[in-house]
Amino acid sequence: MPVPDPSDDPLSRERAHLTHSRAALRSMREDVESLDIRDVTANWVNAEVLTRQIEERVKALADLSHTPLFFGRLDYLHSPGADQAEGAEGERFYIGRRHVHDADGDPMVIDWRAPVSQPFYRASKKNPLDIALRRRFGYTAGDLTAYEDEHLSNPADSSGDATTSKLLQQEIERPRVGPMRDIVATIQPEQDEIVRSGLGGSVCVQGGPGTGKTAVGLHRVAYLLYAHRDRLARTGTLVIGPNASFLHYIEQVLPALGELEVKQATVDDLVAHVEVRGTDEAPAAVVKGDARMAEVLRRAVRSHVTMPVEPVMVVRGSRRWRVPAYELEVIVRELLDRDIRYGAAREALPQRIAHAVLVQMERSGEAPDDRVQDAVARNTAVKAAVKAVWPPVEPAKLVLRLLSDADFLATHAEGLLTEDEQKTILWARPVRSVKSAKWAAADAVLIDEATDLVQRTHSLGHVVLDEAQDLSPMQYRAVGRRCTTGSATVLGDLAQGTTPWATRSWEEALTHLGKGDAVVEELTAGFRVPTDVITYASRLLPHIAPGLTPVASVRENPGFFEVRPATADSADTADTMATEVVAACEELLRNEGSVGLIAADARVPLLAEALAAAGLPHLGPGEETTLTTRLTLVPASLAKGLEYDYVVLDEPRAVVDGEPDERTGLRRLYVSLTRAVSGLIVTHAAPLPPQLAEGSGAL
């Protein structure tokens with residue numbers, strides 16, 4: 001890339017490069033659009049596949065006007081290395097969301113995931129990584145408006161690392177309207193290390209509110225797709241989130257990075273073998289989610305196998321071949337001892353019986369081949385024996401029987417579940433069929449486990465599991481089945497676990513996931529939650545997650561934070577309190593950015609009426625905010641993983657009381673307190689939980 005004339009105005013020169021880069025990207029897209037595939041496809045199927053690939057490539061090359069094409073620049077002192085063919089001494093690289101080249105193939109913008117881009121995130125004055133200058137760019141509505149330089153290799157400057165970049169700080173603290181954005185311009189060194197970790201290993205990221213763990217997980221997917229494109233194209237990738245609202249919130253991050261093929265789902269989506277129409281009481285859900293249920297199911301599945309008591313007689317032409325019962329029993333026991341999946345063993349059984357017949361044929365002087373063995377395996381007598389000895393198992397019917405037949409459950413839960421635990425999960429009334437059953441979410445997970453015992457679940461190349469702290473052991477097993485031959489990125493915060501079966505330790509969770517060798521990383525630097533807000537919320541940590549490191553906010557702006565107790569006369573009625581909440585929302589809506597009103601689930605209808613009466617339009621969780629509708633009313637149970645520039649938290653005591661126990665309620669409150677990016681107002685008429693009192697926690 002030619003070095004521009006230094007006499008030019010730097011900002012004008014960078015704007016010109018942006019203009020030329022956008023033109024180059026447009027040419028790249030036009031080249032793809034103009035491809036003529038009529039003479040290069042053998043049939044219509046190939047043509048359809050190639051057409052779809054071209055369409056996806058065109059989408060990936062889209063130039064989003066509101067998204068900066070590049071956000072940084074690296075000026076190397078020397079060649080980046082022999083393995084970087086484009087590297088030349090003193091060369092300059094613009095770092096952006098995707099690769100852009102000119103008509104001659106020379107790079108205009110380097111993909112942020114390329115090895116040559118890595119120093120943008122990790123170089124420092126203490127370790128400049130051969131970088132002379134790192135330049136960051138500031139944008140306003142898609143226009144390049146500012147730049148900021150760091151001279152990293154100046155031997156005359158031995159002062160160590162510079163203060164935090166102003167542009168970097170502004171980008172981190174920029175108000176957010178709409179879904180989650182990518183963070184490619186602001187990835188920190190400790191985050192970058194996780195993002196660029198290899199495909200072969202699994203990683204668990206423990207991170208408090210605002211530490212960027214979700215963004216790190218999504219950017220790791222984008223990096224792995226860049227570094228291992230062919231492999232992951234074959235094996236697939238999946239992002240698993242806690243609910244549909246959360247998935248909608250994050251769904252634009254990967255497409256903005258040019259990755260369009262990553263699928264998203266909830267755990268409930270993965271195990272949707274039956275329609276979930278019922279709910280469990282917490283004690284029943286806890287037992288059903290316990291890892292011991294896996295052994296109960298394994299026993300129940302294998303109980304269908306019965307030892308043969310009759311020989312198999314195979315007739316071929318004028319000859320009869322007899323396989324005695326004792327020989328059949330040896331075959332069955334060998335298959336059981338191998339502990340392979342029930343369905344795979346059932347498919348192998350007729351071939352084993354046929355092999356025993358072929359051995360007899362060979363002893364009698366015949367020379368049977370594989371075709372004869374296949375024919376014997378399909379023999380009516382062999383089929384009948386297999387059906388009697390190793391009958392087919394329908395997973396949903398098996399779970400139905402376990403939950404409705406006390407004797408069947410007791411037989412297979414002996415030594416695993418207590419009598420009280422068995423009674424807890426048994427249905428009160430008998431159910432006639434799979435379709436008529438009111439399955440709960442935990443039942444669907446049991447059916448998924450049973451399904452895998454019968455037939456292997458398809459494994460993907462990489463799975464990202466977010467908000468993992470809320471999964472039960474059986475749910476971890478369900479996710480783990482989707483990446484038995486691949487790797488995983490597990491994201492969560494033990495302090496935010498709000499289910500009765502919430503994760504107690506990552507080591508235990510990773511064992512259930514089947515990734516016991518995963519590396520556990522902890523992020524403690526808070527980039528999104530203001531200092532005053534996270535400090536206040538951290539008072540709860542000693543009560544909900546003793547020993548967990550509090551998040552330390554690195555933001556320069558402490559943020560707006562206020563606790564507003566109701567006055568004596570305003571606490572008389574719920575309607576008056578709702579009016580104060582509405583006033584707080586109106587106050588925050590005068591600022592730029594999104595506003596979330598978070599409240600205990602039971603109080604949401606009252607607040608919705610109050611907002612409507614005040615003429616304040618609002619959205620539900622997962623609905624995209626607009627310039628005219630920036631207020632979202634959020635039940636506390638759905639707040640996890642979401643962010644708003646400003647938050648009004650209604651009645652903390654009600655949030656705590658809305659959960660089955662105080663510890664879970666305090667965790668729900670911790671989640672609700674940490675959803676704000678720029679400011680938080682806490683309104684209350686009831687006394688605050690004593691754990692929030694001054695000096696009650698980590699301050």
Side-chain angles (χ1 to χ4, degrees), residues 45 231 234-236 273 294-399 401 408 411-412 447-461 477 480-486 514:
V45 176
R231 178 176 171 182
R234 294 191 306 270
T235 57
H273 303 285
E295 178 60 21
V296 174
L297 288 164
R298 192 187 76 87
R299 292 179 182 180
V301 169
R302 289 167 65 94
S303 72
H304 289 74
V305 178
T306 57
M307 289 301 156
V309 295
E310 298 289 339
V312 173
M313 189 71 71
V314 177
V315 179
R316 284 186 59 80
S318 61
R319 300 292 299 271
R320 293 187 177 188
W321 308 97
R322 182 177 181 272
V323 183
Y326 74 85
E327 191 171 342
L328 292 173
E329 182 176 341
V330 170
I331 294 173
V332 171
R333 290 195 183 280
E334 286 179 348
L335 288 172
L336 286 172
D337 290 343
R338 288 183 60 191
D339 202 24
I340 59 177
R341 282 173 172 76
Y342 187 92
R346 188 173 188 275
E347 292 174 359
L349 181 57
Q351 289 291 334
R352 294 293 184 89
I353 297 173
H355 177 73
V357 172
L358 261 66
V359 170
Q360 295 183 30
M361 290 180 177
E362 291 170 348
R363 288 173 180 169
S364 68
E366 296 189 20
D369 56 18
D370 291 344
R371 291 175 296 176
V372 175
Q373 179 168 331
D374 290 340
V376 173
R378 295 193 300 269
N379 182 274
T380 302
V382 174
K383 287 182 177 180
V386 170
K387 185 175 181 180
V389 173
W390 212 294
V393 171
E394 295 185 30
K397 287 185 177 180
L398 175 76
V399 175
R401 186 179 178 190
F408 187 67
T411 298
H412 302 300
I447 294 173
D448 190 71
E449 179 84 26
T451 300
D452 185 71
L453 288 168
V454 175
Q455 200 71 39
R456 182 183 296 274
T457 303
H458 174 67
S459 176
L460 299 166
R477 290 175 62 88
R481 286 191 284 277
R482 272 73 186 180
C483 55
T484 51
T485 58

In Å, rounded to the nearest 0.5 Å, how long is the span from NE2 of H355 to CD of Q373?
7.0 Å
Using modelled atom types and a 3.5 Å cut-off, is there a donor and acceptor pairing between side-chain atoms of N379 and backbone atoms of V314?
no
Less than 4.5 Å apart, any side-chain heavy atom of E362 and any of P368?
yes
Within the 4.5 Å heavy-atom criterion, are D339 and R302 side-chain neighbours or not?
yes
Could you please spell out the steps behind the side chain to side chain contact (heavy atoms under 4.5 Å, CB included) verdict for Q455 and T451?
CA-CA 6 Å; Q455 200 71 39; T451 300; 5.5 Å; no
Roughly how far, to the nearest 0.5 Å, is CG of D448 from CG of L297?
10.5 Å
Rounded to the nearest 0.5 angstrom, the CZ-CZ distance for R477 and R482 is 12.0 Å
Looking only at non-hydrogen atoms, find the nearest pair between S459 and G486 and report the distance.
OG-N, 3.8 Å
State, to 0.1 Å, how close L453 and V301 come at their nearest heavy-atom pair, and which atoms those are.
CD1-CG2, 3.9 Å
Please determine whether the number of non-hydrogen atoms from other residues, nucleotides or ligands lying under 6.0 Å from atom CZ of R299 exceeds 12.
yes
What are the two closest non-hydrogen atoms of P308 and V332, and how far apart are they?
CD-CG2, 4.2 Å
Heavy-atom closest contact (P395 atom, I447 atom, distance)
CB-O, 3.9 Å
Can you confirm whether R346 sits close enough to L335 that some side-chain heavy atom of one is under 4.5 Å from a side-chain heavy atom of the other?
no
Measuring from atom CZ of R456 to atom OG1 of T484, what distance do you get when rounded to the nearest 0.5 angstrom?
6.0 Å
Do other residues, nucleotides or ligands put more than 12 heavy atoms under 6.0 Å from the CG atom of D370?
no
Looking only at non-hydrogen atoms, find the nearest pair between V399 and A450 and report the distance.
CG2-CB, 4.3 Å
With rounding to the nearest 0.5 Å, note down the distance linking OG1 in T380 to NZ in K383.
6.5 Å
Expected output: side-chain W390 to main-chain Y342 donor-acceptor under 3.5 Å
yes
CZ on R298 to CD on E449, rounded to 0.5 Å
11.0 Å
Would you say E366 and R319 make side-chain contact, with heavy atoms under 4.5 Å?
yes
For G236 and L460, the nearest pair of non-hydrogen atoms, with its separation, is O-CB, 3.7 Å
Whether Q351 side chain and A377 backbone form a donor-acceptor pair below 3.5 Å:
no
From CA spacing to verdict: side chain to side chain contact (heavy atoms under 4.5 Å, CB included), R333, M307
CA-CA 8 Å; R333 290 195 183 280; M307 289 301 156; 3.7 Å; yes
Does atom NE2 (H304) have a neighbourhood of more than 12 heavy atoms from anything else shown, all under 6.0 Å?
yes
Quick one, W321 with M313, criterion side chain to side chain contact (heavy atoms under 4.5 Å, CB included). Give me CA distance, side-chain angles, the key distance, then yes/no.
CA-CA 6 Å; W321 308 97; M313 189 71 71; over 6 Å; no
V382 vs L349, test: side chain to side chain contact (heavy atoms under 4.5 Å, CB included). Steps then yes/no.
CA-CA 9 Å; V382 174; L349 181 57; over 6 Å; no
Can you find a heavy atom in the side chain of V454 that is under 4.5 Å from one in the side chain of R341?
no
Would the number of heavy atoms belonging to other residues, nucleotides or ligands and lying under 6.0 Å from CD of E394 be above 12?
no
